[in-house]
Amino acid sequence: MDPYAYIREQIIASVGALADAGIVPSNMDFANLAVEAPRDPSHGDVATNAALVLTKQAGMKPRDIAAPLAERLAGLEHVTAADIAGPGFINLRLSDDFWRARLGDVLAAGPGYGDSTQANGAKINVEYVSANPTGPLHVGHVRGAVYGDVLANLLSKVGYDVCKEYYINDAGSQVDELARSVHLRYREALGEDIGAMPEGLYPGDYLIPVGQAIAARDGDDWLNRAETEWLAEFRSFSVDAMMDLVRADLASLGIEQDVFFSEEGLHNEGGITSGVDSLAGKGLIYTGVLEPPKGKTPEDWEPRPQTLFKASEFGDDVDRPLKKSDGAWTYFAADVAYHHDKLQRGYLQMVDVLGADHGGYVKRLKAVVKALSDDQGSLDVRLCQMVRLLRGGEVVVMSKRAGNFVTLRELVEEVGRDVVRFMMLTRKNDAPLDFDFDAAREQSKDNPVFYVQYAHARICSVLRRVADELPELAVEPENLAGADLARLTDSAEIDLIKQMAAWPRAVEAAAQAREPHRIAFYLNELASSFHALWNKGNAEPNLRFIMAADQPTTQARLALIKGVAFVLASGLAIIGVEPAETM
RNA sequence: GCGCCCGUAGCUCAGUUGGAUAGAGCACCGGAUUUCUAAUCCGGAUGUCGCAGGUUCGAGUCCUGCCGGGCGCGCCA
C-alpha cells in the first residue's frame with residue numbers, strides 16, 4: 001500500500017462526510033490536493049494542503065475548513081495526531097504499527113517492490129543512442145545510452161509496454177564515406193599501400209578488419225571497377241559491420257535494444273512517401289519560398305520554391321523543407337516518415353533521447369508528431385548534456401580531428417559497467433556532467449555506486465553471519481515476514497521504514513518526470529540511512545541487528561534490513577547495476 | 001538577430017511539478033574503531049536561490065523583461 005495514496009483517499013472521503021454534514025459544499029474538485037511527506041520531519045509523517053486547495057471552491061477561510069477536517073482525520077484508524085500548521089496545512093502522524101505494516105508490504109513484494117500499474121500497459125517507444133553507424137561508440141554516446149536504457153527500465157517498472165529502439169542513420173552521405181574508407185582498407189588488405197586516409201574519410205583502425213573481411217570473401221573482384229559498381233555493396237557490408245560493433249559496445253554496458261530501425265529501409269520501401277503523403281492528405285504540404293536564415297547568411301543562398309511542411313502551424317518557428325534541390329528527400333523527410341512509422345506501429349507515446357546539440361531540432365519533431373497523429377500522439381524529446389571526462393583533476397581533451405576520442409569500450413573496461421551506469425545518473429539529464437575517473441575508481445563514499453553496493457553487501461553479510469551463528473533462526477523472506485515487527489521500536493528503525501515506504505511514489509514520480517536520476521539519488525539516501533543505523537549499533541550495542549540473546553528482536557531487525565536490501569535491489573535493477581553480495 | 005537549455009553555500013549539485021525555517025556531498029575542524037565489513041558513522045556554518053517586476057493565501061519552482069554561460073540556427077546527417 002502506498003501510504004500517501006491511502007491517506008489521500010481518506011481525506012477525500014472525510015471531506016465528503018463534512019459535505020454530507022453541511023459543513024462544506026459538496027462535489028468539490030480534488031485535482032490539486034497534495035498528500036506528501038513534509039520536508040521537515042518534525043512536522044509529522046504526512047502533510048496535506050487540502051484546506052488551502054479547497055478554500056476558493058468552498059468560499060471559506062482555510063482554517064475554517066482545516067479545523068473540522070483535522071478533527072475528523074484525527075479519528076481515523078492509524079492516525080495518531082492531526083495538527084493544523086502555518087496557513088492551513090494539516091500535519092498527520094501515523095502509528096508505528098501502520099509503518100511496521102508497510103515493512104510487511106516490502107517483504108511480501110521482494111525486489112518487485114515499487115512495481116506499479118500506473119501506465120496500465122500503455123505502449124511507449126523510447127529511442128536512444130541512434131549513433132551514426134560509422135564507428136565504435138565513444139563517451140559522447142554513453143550518457144544518452146544509459147539515460148535511455150534506465151528510462152526504459154523505469155517506464156517498464158510503472159507498467160508501460162516499452163519498446164527500446166535504435167534509429168540507424170544508414171542513408172546519408174556519411175555512409176558513402178564509410179564505404180569509400182572501407183574500400184581503401186580493402187585495397188590495403190590486398191597488398192596496396194594506400195598511404196594516409198584522405199580528408200573526410202574515416203581513418204580509424206577499426207575499419208581495417210572490415211576491409212580484410214571483404215578481401216577474404218571476394219578476393220580482388222572489386223579491385224578495378226568503378227565506384228558505382230562497388231559502392232552499394234561496400235556500404236551495406238560496412239554498415240552491418242559497424243552495427244555489429246555498436247551492438248557489442250552496447251552489450252558491454254548491458255544494453256540490448258529491441259528494434260534497430262533502418263533509415264535506408266524507409267527510402268527503399270516507399271516509407272518516406274507514405275509518411276509525407278499522410279501530411280499531404282491533411283493539407284499540410286505546399287510549395288513555397290523560405291526566408292534566408294537570420295544571423296549569418298550563407299554566401300550561396302538563393303530563394304527557391306521548395307516542398308514545405310507547415311511546421312509553423314504546430315509550434316515550430318518556420319516551415320521545414322522536405323526535398324533538396326536535387327529532388328532527393330531531406331533528412332527531415334525521413335524523420336517524418338520514421339515517426340509516422342512509429343505511430344503506425346501503435347506508439348502514441350514516444351520518447352526521443354538526443355544530444356544537447358540537437359536542441360534546435362526538437363520543435364519540428366514535435367510538430368511532426370502532432371500533425372501526423374491529429375494531436376493524439378505525444379513526443380517527448382529528452383536532451384542529454386555533454387559529459388566532461390576528468391583525470392587527475394584535469395579535463396581529458398578529445399578532438400575529432402586528432403581521433404583521440406575515448407571510446408565507450410575503454411571507459412567500461414577501465415571502471416566497469418556498474419560504475420559507468422550509475423555515475424551517468426548522478427546529474428539530471430539537462431545539466432552537464434563531469435565524469436571523474438579518480439572518483440569512479442575510488443572505493444569509498446566518493447563513489448556513489450560503491451556506497452550503495454556496500455550497503456547491500458553489508459546486509460548480505462549480516463544475513464550470512466546469522467545463518468552461521470544462529471542456524472535455528474529462519475532468515476528466508478517468508479519467515480522474516482512473520483517476525484514480530486513490534487520489536488522495532490527505535491525511531492531510527494521506524495524512520496528507515498518510512499523511507500522505504502516512499503519508494504513506490506518516488507518511482508512513479510521519476511517515471512512521470514522522465515527523470516531516472518532520481519532513482520540514483522533515492523538509493524544514495526536510503527544507503528546513507530542504513531549506514532547510519534548500522535553505526536548506531538556500534539555506539540549502542542542493544543541496537544545491533546544480531547542480538548544472540550534475543551532472537552525475536554533479531555528476527556525483526558533482520559526483516560528490517562532485508563527490506564532495505566529489497567528496495568536497494570529494486571532500484572539497482574532499474575539502473576541496471578548488480579546488487580553486490582560481498583565486497 | 002532568433003530559438004532551446006542552464007544560473008541555488010567556497011566547489012560539485014539536489015530540491016517531492018506552487019508549500020511551511022531552501023537541503024546533501026566535497027573541502028575545512030573535532031570526535032567514534034577490542035566491529036554485525038570504520039570501505040562506515042556522529043558533531044560543527046555558510047545563502048540577495050543571477051537581477052527587477054508580476055500572478056496568489058504562498059514563488060528556488062509559474063509569467064514578463066533584463067544580465068551572464070552553454071548549444072543550435074538554408075537543401076549536412
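Labels below follow one simple rule: chain letters A, B, ... track the order of the sequence lines, proteins then strands, and each chain is numbered from 1. Atoms considered below: every heavy atom in the structure, side chains included; atoms not considered: hydrogens, waters and symmetry mates.
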Heavy atoms under 4.0 Å, any strand shown: does [X] hit a base, just sugar-phosphate, or nothing?
{"X": "A/P62", "result": "nothing"}
{"X": "A/A356", "result": "sugar-phosphate"}
{"X": "A/A513", "result": "base"}
{"X": "A/P448", "result": "nothing"}
{"X": "A/S444", "result": "sugar-phosphate"}
{"X": "A/A171", "result": "nothing"}
{"X": "A/K445", "result": "sugar-phosphate"}
{"X": "A/D357", "result": "sugar-phosphate"}
{"X": "A/T330", "result": "sugar-phosphate"}

Open item on the list: Does the structure show a Watson-Crick or G-U wobble partner for B/C4, both distances under 3.5 Å? Name it, or say none.
Closed with: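 Pair assignment: B/C4 / B/G70.
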Open item on the list: To the nearest 0.5 Å, what is the distance between SG on A/C384 and CZ on A/R143?
Closed with: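 CZ of A/R143 is found 6.0 Å from SG of A/C384.
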Task: side-chain N/O A/Y331 vs B/G74 OP1/OP2, d < 4.0 Å - done: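 The answer is no; no side-chain N or O of A/Y331 sits under 4.0 Å from OP1 or OP2.
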Open item on the list: Check the phosphate of B/U37 against A/H456, side-chain N and O only, distance under 4.0 Å to OP1 or OP2. Yes or no?
Closed with: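 No, outside the criterion.
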Task: Pairing residues for A/Q57 by the side chain to side chain contact (heavy atoms under 4.5 Å, CB included) criterion, not counting sequence neighbours - done: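 So A/Q57 forms a side chain to side chain contact (heavy atoms under 4.5 Å, CB included) with A/M28, A/D29, A/L54.
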Planes under 30° and centres closer than 5.5 Å, is that true for [X] with the base of [N]?
{"X": "A/F521", "N": "B/A14", "value": "no"}
{"X": "A/H358", "N": "B/G72", "value": "no"}
{"X": "A/Y361", "N": "B/G72", "value": "no"}

Task: Between A/D352 and A/H339: side-chain donor-acceptor atoms closer than 3.5 Å - done: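 Distance-only check passes for A/D352 and A/H339.
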- [ ] Using a strict 4.0 Å threshold on nitrogen-to-oxygen distance, state whether A/K310 and A/D319 make a salt bridge.
- [x]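 No, no charged N to carboxylate O under 4.0 Å.
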Rounded to whole angstrom, note down the [atom1] distance from [N] over to [M].
{"N": "B/A22", "M": "B/U16", "atom1": "P", "answer": "15 Å"}
{"N": "B/A45", "M": "B/C57", "atom1": "P", "answer": "38 Å"}
{"N": "B/C6", "M": "B/U46", "atom1": "C1'", "answer": "24 Å"}
{"N": "B/C28", "M": "B/G65", "atom1": "C1'", "answer": "41 Å"}
{"N": "B/U64", "M": "B/G3", "atom1": "P", "answer": "11 Å"}

Task: Torsion-based syn/anti label for B/U17, 90° from 0 as limit - done: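 B/U17: syn glycosidic orientation.
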Task: Parallel, tilted or perpendicular: rings of A/Y361 and A/Y331 (30°, 60°) - done: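 The rings of A/Y331 and A/Y361 sit tilted, inter-plane angle from 30° to 60°.
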- [ ] Establish, yes or no, whether the cationic atom of A/R391 lies under 6.0 Å from the six-membered ring centre of A/F437 and within 45° of the ring axis.
- [x]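 The answer is yes; both the distance and angle limits are met.
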- [ ] Taking the six-membered ring of A/W329 (Phe, Tyr or Trp), confirm whether the NZ or CZ of A/K323 is under 6.0 Å from its centre and within 45° of its axis.
- [x]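 Here A/K323 passes the 6.0 Å and 45° test against A/W329.
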Open item on the list: Please give me every residue in residues 495-503 of chain A whose heavy atoms get under 4.0 Å of an atom in RNA chain B, ordered by residue number.
Closed with: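 Going residue by residue through residues 495-503 of chain A, none turns out to have a heavy atom under 4.0 Å of RNA chain B.
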- [ ] Sort out for me which residue in A/Y166, A/F261, A/F332 forms a ring-ring contact (aromatic ring centres under 6.0 Å, His included) with A/Y338.
- [x]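 Testing A/Y338 for a ring-ring contact (aromatic ring centres under 6.0 Å, His included) against A/Y166, A/F261, A/F332 leaves exactly one candidate, A/F261.
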- [ ] Ignoring hydrogens and angles, answer whether the base of B/U12 and the side-chain atoms of A/R427 contain a donor-acceptor pair closer than 3.5 Å.
- [x]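 For A/R427, whose side chain was compared with the base of B/U12, there is no donor-acceptor pair (under 3.5 Å).
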